[in-house]
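Heads up, the thing below is written out as structure tokens.
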Amino acid sequence: MKRVAVLTSGGDSPGMNAAIRAVVKTAYFYQIEVFGVLRGYEGLIQGTFEPLNLERVHNIIHRGGTILKSARSERFKTEEGRKQAYEHLLKHNIDAVIAVGGDGTYTGAKVFCEEFPEIAWIGLPGTIDNDLYGTDFTIGYDTAINTAMEAIDRIRDTADALNRLFIVEVMGRDAGFIALRSGIASGAEAVLIPESKADLPRLLRRLEQRAKNPEHAFIVVVAEGDEIGSSLALKQKLQYKYPRWDIRVVVLGHLQRGGAPTCADRVLASELGFAAVEALRKGIKNVAIGKVHKEIHYTPFEQAIKHHNDINPNLLRLLEILA
Ligand code: F6P
């Protein structure tokens, strides 16, 4: 293992920089050269590689976003795009790629490994959604839930002052992890997530109770991927049923993806970046690396993309009782 490339791909997440830093520093320790690929899989196709040294990763552990930039690449989904990527990797004498990203990143990695097995590949879980199989937590999730929780706390202050009902939409394309944890932590009166079918009837029951005494703030946290539809559609439904209530919608959106990573995300990213280089040195390849029950865990890409991280049923029960 002489030369490794590192890239960040898909939606960025706080802690990606900490992971890049850990890869570069660990590689330096073992005298392995590192190249950074700019803009994820797009950069592999275009050949935008830059040598990464200790100086380049100095002073980045606390920064959100990614110094390598990111992209959602359509071209990497094509055989031609992947062939171009392979040629650039060969030209730069790269033995292995460490890709930090989510589901789409792992899918691209799996296909590439099957087509070009001579290049080793490691995936690191970088997404705020926490929906990846093979790790308890993804890099960026802790920061995102803390950002969402703080935002909901602020919304609650004003909701309480004016007895308003707020629908707060949080990120999570197909997953309710952000909604569930930030909802529990902020004492939301209801949480709607794609993984739970019982949410809407439960919300309607709660609203019946509120109708008897509307003198309270009421916060509904909704995952953007919830099947009930967008938060605006939900507002319309509720407003129709309760025309006299003051109902407002806040979409937290991309502010959940930015900002300085929390301590937990920095440490997780550092551990996984280190583990990626260690794994390559041991000859482990074509796996996603995560942490399960405090231990480093390797999951073949095939498995990682087939499965989905599960919502903890205990948290759903907790929410049912505490909300
Ligand atoms: O990266 C995950 C995520 O933040 C999802 O929660 C969200 O649905 C999606 O990315 C948004 O992606 P984009 O910024 O490309 O619209």
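In listed order, ligands and their atoms are each counted from 1. One-based numbering along the sequence shown.
Among all non-hydrogen protein atoms, the one lying nearest atom 2 (C) of ligand 1 is D129 OD2, 3.3 Å. Protein heavy atom closest to atom 12 (O) of ligand 1, with residue, atom name and distance, is R72 NH2, 2.9 Å. Here the heavy atom of the protein found nearest to atom 7 (C) of ligand 1 is E224 OE2, 3.0 Å.
Each of R39, R63, K69, R257 was scored for a salt bridge (charged side-chain N to carboxylate O under 4.0 Å, His left out) with D12, with one residue passing: R257.
Taking any N or O of D12, backbone or side chain, none lies under 3.5 Å from an N or O belonging to ligand 1. The shortest N or O to N or O distance between G172 and ligand 1 is below 3.5 Å.
A distance of 12.0 Å separates CD1 in I305 from OG1 in T299, rounded to the nearest 0.5 Å.
Surrounding OH of Y242 are more than 12 heavy atoms belonging to other residues, nucleotides or ligands, all under 6.0 Å away.
Residue R257 touches ligand 1 through its side chain alone, judged by heavy-atom distances below 4.0 Å.
Close approach of ligand 1 to H254 is summarised as follows: ligand atoms under 4.0 Å from at least one heavy atom of the residue are 13 (P), 14 (O), 16 (O). Near G11, with a cut-off below 4.0 Å to any heavy atom, the atoms of ligand 1 are 1 (O).
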Q) Would H92 and F35 satisfy ring pair (Phe, Tyr, Trp, His ring centres under 6.0 Å), going step by step from the backbone distance to the final call? A) CA-CA 9 Å; H92 287 85; F35 275 71; 5.8 Å; yes
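When only modelled atom types and interatomic distance are considered, T147 and Q256 share no side-chain donor-acceptor pair under 3.5 Å.
Under the 4.5 Å side-chain contact rule for hydrophobic residues, L38 and I94 do not share a cluster.
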